Participant: 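Sharing a structure, written as structure tokens. Questions coming.
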Amino acid sequence: MKKSDSIGTEMFEFVKKNASADPRALLLALHGKETGFPVALAVTQIECRRKCSRKLAAFTAHERFLFPTAQAAEQATHQCVASYHAGLVGTGRRVADITAGLGIDAFTVAAAGNEVRAFELAPERASALRHNAEVLGAANVSVTEGDSLEALRDDATRYDVIFVDPARRDAADRRTFLFRDCLPDIVSNLAMLRSRADLIMVKASPILDTERMTAELPGISEIHLVCVKGECKEVLGIIGGGGGSDKIAVTVVDLRDNADATAEPVSVWRTTLGETGNVGAPVASESDIRPGAYIYDPNAGIHKLGCGRALCSRFDGLRRISANTDLYVSDSLIEGFPGRAFRIGAVIGGKDTRRLKGERREVMARNYVMSADSLRQRLKVVSGGDMTIIGCRVGPRATPQLLDCEKIIGATVVF
């Protein structure tokens with residue numbers, strides 16, 4: 001056995017043995033002691049495995065899976081989102097991941113039956129990629145260390161798909177979200193990238209708006225807003241395949257947080273960029289907001305897009321609760337709304353707030369006079385339970401209102 005293999009085995013045995021230990025206490029206890037393995041790296045494994053126990057469960061199930069740095073774990077794609085990417089790629093394709101990082105996308109796309117070339121600029125991450133490819137048995141993943149753009153310019157190899165997740169930090173290590181401020185610079189190199197692949201999949205920050213994406217990256221044919229358990233994780237643009245600004249296909253998907261890394265949707269909403277917007281959506285009257293009516297809260301991706309007009313057009317009887325409040329109301333339950341549904345139990349008046357003290361309630365605020373936290377403190381309710389208090393503005397006059405609502409459990413829906 002090589003010395004490096006022996007050190008690796010010893011380190012991973014230490015990680016397994018101390019999985020529940022306090023990382024800081026371990027660092028103090030082993031400071032200055034000879035261990036035969038890098039203590040800081042071992043402690044990083046313990047911290048990362050703990051933080052990623054759900055996000056990367058399918059990978060941390062392998063005891064020798066290596067995290068090169070804590071930042072690599074933090075920046076890694078959620079395993080269910082990576083599975084969604086793999087579904088878009090398909091199978092039997094040649095793929096270049098030009099910002100591989102920890103390799104979650106590269107390994108997941110490869111496991112779907114594709115040949116993947118993973119490019120990584122940082123030496124320690126490239127080394128970890130090679131290690132993890134062996135651990136995972138990913139023989140169809142090759143690792144290239146160095147500048148991916150330079151490598152693509154020097155090599156005329158053509159790929160079916162290029163996947164890129166630009167680092168959202170600039171040269172001064174400041175957080176960014178615009179493509180022109182990210183590394184690598186795909187805006188200036190877009191023509192070269194398009195000459196190397198039929199499709200380019202570009203992962204962007206969840207705070208980047210779709211108009212900005214299409215302005216910075218001409219040629220986008222599809223946009224995917226990918227959420228997990230209601231939280232928007234990314235905006236994904238696909239370049240290639242035609243389309244125009246109004247014909248760009250938009251998909252909003254909300255995935256379950258599955259431990260087995262499957263991309264199982266809670267809801268899928270499909271539209272085009274030209275159909276988005278809230279102008280023209282019907283607005284409810286104040287009298288519509290009454291006990292027995294149903295309130296709907298779109299998932300995070302639909303909130304981000306602003307789909308009021310399209311939602312009200314597709315679901316009979318649906319109205320926006322107010323022109324500037326992104327909640328909806330109907331007289332009867334609408335099955336399959338892409339988000340959460342509630343049934344109004346009571347409209348809370350000023351004197352009614354006293355009875356809520358100490359009651360178990362979740363609290364939500366949408367375009368309200370105070371935040372959800374401030375409202376929770378004012379009402380003195382305890383988090384939890386099957387009821388939700390919704391603070392919002394309702395009707396044409398945007399009147400502040402408190403609604404005591406029962407949660408409705410829905411099923412997977414696709415539109």
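Note that the numbering runs from 1 along the sequence shown for the chain. These numbers come from a predicted model, not from an experiment.
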Participant: Tell me yes or no: between the side chains of S371 and D373, is some donor less than 3.5 Å from an acceptor?
Facilitator: no
Participant: Are F12 and H131 an aromatic pair by the rule of ring centers under 6.0 Å?
Facilitator: yes
Participant: Any heavy-atom pair between the side chains of L199 and R93 that's under 4.5 Å?
Facilitator: yes
Participant: May I ask you to test the L225-W269 pair for a side-chain heavy-atom distance under 4.5 Å?
Facilitator: no
Participant: Find out whether F119 and L149 are in side-chain contact, i.e. whether some heavy atom of one side chain is under 4.5 Å from a heavy atom of the other.
Facilitator: no
Participant: Less than 4.5 Å apart, any side-chain heavy atom of I334 and any of Y294?
Facilitator: no
Participant: Going by atom types only, do E231 and H78 share a side-chain donor-acceptor pair under 3.5 Å?
Facilitator: no
Participant: Side chains of R314 and T271: closer than 4.5 Å at any heavy-atom pair?
Facilitator: yes
Participant: Let me confirm one number: the CG-CG distance from D185 to L190, rounded to the nearest 0.5 Å.
Facilitator: 10.0 Å
Participant: Do D297 and R340 sit within salt-bridge range, that is, some charged N less than 4.0 Å from a carboxylate O?
Facilitator: yes
Participant: Can you label the angle between the F337 ring and the F315 ring as parallel, tilted or perpendicular, going by 30° and 60°?
Facilitator: tilted
Participant: Quick check: closest heavy atoms across D254 and G230, and the distance to 0.1 Å?
Facilitator: OD1-N, 2.9 Å
Participant: Salt bridge between D209 and K304, side-chain N to carboxylate O under 4.0 Å?
Facilitator: no
Participant: Does one side chain, of T77 or K203, offer a donor that lies under 3.5 Å from an acceptor on the other?
Facilitator: yes
Participant: Can you tell me if R94 has over 12 outside heavy atoms packed within less than 6.0 Å of its CZ?
Facilitator: no
Participant: What do you reckon, is CG of D155 surrounded by more than 12 foreign heavy atoms closer than 6.0 Å?
Facilitator: yes
Participant: I'd like to check L217 versus V187 (side-chain heavy atoms, cut-off strictly below 4.5 Å). Are they in contact?
Facilitator: yes
